[in-house]
2 protein chains.
Amino acid sequence: MSSTRLREHVDAESKLDEDTVNHRVELRLWLRLLTCANLIEAEIRKRLRENFDTTLPRFDLMAQLERAPDGILLGELSRRMMVSNGNVTGLVERLVQEGLIERQVSERDRRAALVRLTERGAAVFAKMARAHSDWVAELLAGLSAQDQKALWSRLGDLKLSVRVATEGDGDAMAQPDPEEDR
Amino acid sequence: MSSTRLREHVDAESKLDEDTVNHRVELRLWLRLLTCANLIEAEIRKRLRENFDTTLPRFDLMAQLERAPDGILLGELSRRMMVSNGNVTGLVERLVQEGLIERQVSERDRRAALVRLTERGAAVFAKMARAHSDWVAELLAGLSAQDQKALWSRLGDLKLSVRVATEGDGDAMAQPDPEEDR
DNA sequence: CCGAATTAGTTTAAGGTTAAAGGAAATCGC
DNA sequence: GCGATTTCCTTTAACCTTAAACTAATTCGG
C-alpha cells in the first residue's frame, strides 16, 4: 500500500522529465501556512507558561472538558483532541495531580474512565480561556473582520482538500473536527 | 511587562462588560488554521516514517543543509529552524549516527561546529524532497492555482499581523522566515 | 595582557508525542 | 455458557522539545 498510494508513476520512462515537476506554489503555500501556525502557537504556549504556568496540551484538554460538564471518556477525549490514547493518559495524570480535573472509573464498564473538571479546574480554566481568546484576537488584529472571514472560508476549502486526499488513507480517519464543535 | 502587554485595559470600569467581549471570529479562524496545519503535518510525518523511516525534524534539518553546501553553524541552523540550540544538538547527533550528515569543529573558532550533508545524505535527501513535494501537491490538489495564490497572499497578511503583535515581545524575535528563503 | 562580558554548544530536567505491545473487561457467536 | 474478538486504557521505548544552567572559547576594555 505504501509504495503506490502516492500517485501512479506509470510513466517511469516518460519524456516529460519527472524531476522537473516542481510544485513550487504548493510548497510555498504549505510553508507559509506552517509558519503562521507555528508563530501563533509558539506565542500562545509562551503566554500560557508565563501567565498560568501551564501548557497548550493541558489547556486543550481542559477546553474539551469544559464543553462536557458531565464528564467524558478518555477515548472520546483522545479522539476529540486528535492525539493518541497514551498521550491522554499522561496528560490526565498530571492534571489530576494538579487538582484541576478528576477521573472516575465508570460503573457500568470498568475498563472505561470518565474525566471532568473539578470546581477549581473550571474556575482556573475560565480565566485562562478569557486570556487565550484575547491573545488570539490580539495576534490577528492586523486583519479586518472581512479578511478573517475570507481566510476562514478559504481554509475550509483547504481542509476539505486535505481530507479528500487523506481519507481512507490510514485507519479510522473519521476524526471529528475539533474546531467545528466550538 | 507581562501584565500590561496584552492591551490597555484602561476601561476597567467600563459599562461595556468586559466578559462579553467574545472574539469568536478570531478564535474560529485560529482553530481552523491549526486544524489545517495539523492535518497536513500529521500526514507528512506519517509518510516520512512509512516511506523513509525518518521524521519531520530530521527532514527539515537536512533541507536546511541542502541549501548550504559549504556547511552551516549549529547556531545558524537553530535560528533557521526556529528551534532551540539544545534541540539541534540532539538532532545532529542522530543524523551523524545515521551517516547522513557530518559535523566538523571550526578551525578559526573552536567553540563552533559546521555541519553539512554527506554524499549519501544528499542523495537520500534528494529522494525525500521529491516525494515530499509531491505529497504536499497532492494534499493541496483540491485548490486551484488561483486559490492557492490567494490563500498564500492572505496568509502573508496574517503573518505580518502576528509579527507586529509579537515583535519586541520576547527576546531576539528577529527570526528569519524559513519559507521566504526557499 | 587580563579580567569581564559575550558567544557557541551541550547538558539536564521536565514534559509532549507516538506506535506498538499488553492487560483487563465487555461483547459476540455459537 | 464460553471461547474468540473487540474495546478501553496503560505501559514502554524512542524521539522531539524547551528553558535554564553550565562549559569552554572568544572578544572587549582598559
Side-chain angles (χ1 to χ4, degrees), chain A residues 2 38 41-50 52-62 71-98 100 103-115 170-172 175, chain B residues 2 37-38 41-62 71-98 100 103-115 170-172 175:
Chain A
S2 70
N38 285 161
E41 195 174 315
E43 185 66 20
I44 289 176
R45 281 179 191 274
K46 182 179 163 196
R47 294 189 183 185
L48 280 175
R49 178 169 34 78
E50 290 177 351
F52 297 104
D53 191 29
T54 192
T55 66
L56 191 50
R58 273 135 132 129
F59 176 80
D60 286 345
L61 194 154
M62 293 179 78
I72 190 178
L73 294 181
L74 285 186
E76 179 60 17
L77 192 49
S78 155
R79 236 166 290 127
R80 294 199 193 171
M81 293 179 71
M82 300 203 281
V83 299
S84 69
N85 279 354
N87 193 349
V88 168
T89 296
L91 288 171
V92 163
E93 208 168 79
R94 284 181 281 265
L95 283 169
V96 166
Q97 205 60 33
E98 297 183 64
L100 297 173
R103 58 177 293 163
Q104 176 185 9
V105 173
S106 168
E107 297 282 320
R108 50 177 69 184
D109 184 344
R110 278 178 307 180
R111 293 167 306 181
L114 275 175
V115 282
D171 15 32
Q175 279 159 345
Chain B
S2 70
N38 285 162
E41 195 175 316
E43 185 66 19
I44 290 177
R45 282 180 191 275
K46 182 179 163 195
R47 294 188 184 186
L48 280 175
R49 177 168 36 76
E50 291 177 352
N51 293 282
F52 297 104
D53 191 30
T54 191
T55 66
L56 190 50
R58 273 135 132 129
F59 176 79
D60 287 345
L61 195 155
M62 292 178 78
I72 190 180
L73 295 180
L74 285 185
E76 180 60 17
L77 192 49
S78 155
R79 236 166 289 128
R80 293 199 192 169
M81 293 179 72
M82 299 202 280
V83 300
S84 68
N85 277 356
N87 193 350
V88 169
T89 296
L91 288 171
V92 164
E93 208 168 80
R94 284 181 283 266
L95 283 169
V96 166
Q97 204 62 32
E98 296 183 65
L100 297 174
R103 57 176 294 163
Q104 176 185 8
V105 173
S106 167
E107 297 282 321
R108 50 176 71 183
D109 184 344
R110 277 179 309 179
R111 294 167 305 180
L114 275 175
V115 282
D171 15 32
Q175 278 159 346

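Chain A is the first sequence line, chain B the second, and so forth, proteins listed ahead of strands; every chain is numbered from 1. Please read these numbers as outputs of a predicted model, since none were measured by experiment.
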Nearest-Å distance for atom pair [atom1]/[atom2], residues [X] and [N]:
X: A:N38; N: D:dT18; atom1: CG; atom2: C1'; result: 14 Å
X: A:M82; N: C:dT17; atom1: CE; atom2: P; result: 12 Å
X: A:D60; N: C:dT17; atom1: CG; atom2: P; result: 8 Å
X: B:L56; N: D:dT17; atom1: CG; atom2: C1'; result: 13 Å
X: A:R47; N: D:dA19; atom1: CZ; atom2: P; result: 15 Å
X: B:Q104; N: C:dA8; atom1: CD; atom2: C1'; result: 16 Å
X: A:E107; N: C:dA26; atom1: CD; atom2: P; result: 11 Å
X: B:K46; N: C:dA20; atom1: NZ; atom2: P; result: 11 Å

With a 3.5 Å distance limit and no angle check, can you tell me whether A:S106 reaches the backbone of A:A113 through a side-chain donor-acceptor pair?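 Answer holds: no.
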
Given D:dT18, C:dT18, D:dC8, identify the nucleotide with an atom nearest to the side chain of A:V83.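 The listed nucleotide nearest to A:V83's side chain is C:dT18.
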
If the threshold is 4.0 Å, N to carboxylate O, is there a salt bridge linking B:E50 and B:R47?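 No salt bridge links B:E50 with B:R47.
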
So, are A:R45 and A:E41 salt-bridged, with charged N and O less than 4.0 Å apart?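 Yes, charged N to carboxylate O under 4.0 Å.
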
Rounded to the nearest 0.5 Å, what separates atom [atom1] in [X] from atom [atom2] in [Y]?
X: A:R58; Y: A:L100; atom1: CZ; atom2: CG; answer: 8.5 Å
X: A:N87; Y: A:L74; atom1: CG; atom2: CG; answer: 11.5 Å
X: A:R94; Y: A:L61; atom1: CZ; atom2: CG; answer: 10.5 Å
X: A:L114; Y: A:I72; atom1: CG; atom2: CD1; answer: 9.0 Å
X: B:D60; Y: B:T54; atom1: CG; atom2: OG1; answer: 10.0 Å
X: B:I44; Y: B:R49; atom1: CD1; atom2: CZ; answer: 13.0 Å

Interface polar pairs with nucleotides 3-5 of chain D, N/O, under 3.5 angstrom:
none

How is [X] classified with respect to the nucleic acid when contacts are heavy atoms under 4.0 Å: base, sugar-phosphate, or nothing?
X: B:R94; result: sugar-phosphate
X: B:L73; result: sugar-phosphate
X: B:S78; result: nothing
X: A:L91; result: sugar-phosphate

Mark yes or no for a side-chain to base donor-acceptor pair under 3.5 Å between B:R111 and C:dA8, with no hydrogen or angle criteria applied.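 Such a pair does not exist between side chain and base.
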
Atom pairs, protein N/O to nucleotides 10-14 of chain C N/O, distance under 3.5 Å:
| residue | atom | partner | partner atom | Å |
| --- | --- | --- | --- | --- |
| C:dT10 | OP1 | B:R103 | NH1 | 2.8 |
| C:dT10 | OP1 | B:R103 | NH2 | 3.0 |
| C:dT10 | OP2 | B:T89 | OG1 | 2.5 |

Please report the C-alpha distance between A:L91 and A:M81 in whole Å, then the side-chain angles of each, then the deciding distance to 0.1 Å, and finally whether the side-chain contact (heavy atoms from CB on, under 4.5 Å) criterion is met. CA-CA 12 Å; A:L91 288 171; A:M81 293 179 71; 4.2 Å; yes

Assuming nearest nucleotide by heavy-atom distance, tell me which of A:R110 and A:R58 is located more 5' along DNA chain C.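 Whichever sits nearer the 5' end wins; that is A:R58.
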
Of A:R49 and A:G75, whose nearest nucleotide on DNA chain D comes first from the 5' end?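 Closer to the 5' end of DNA chain D: A:G75.
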
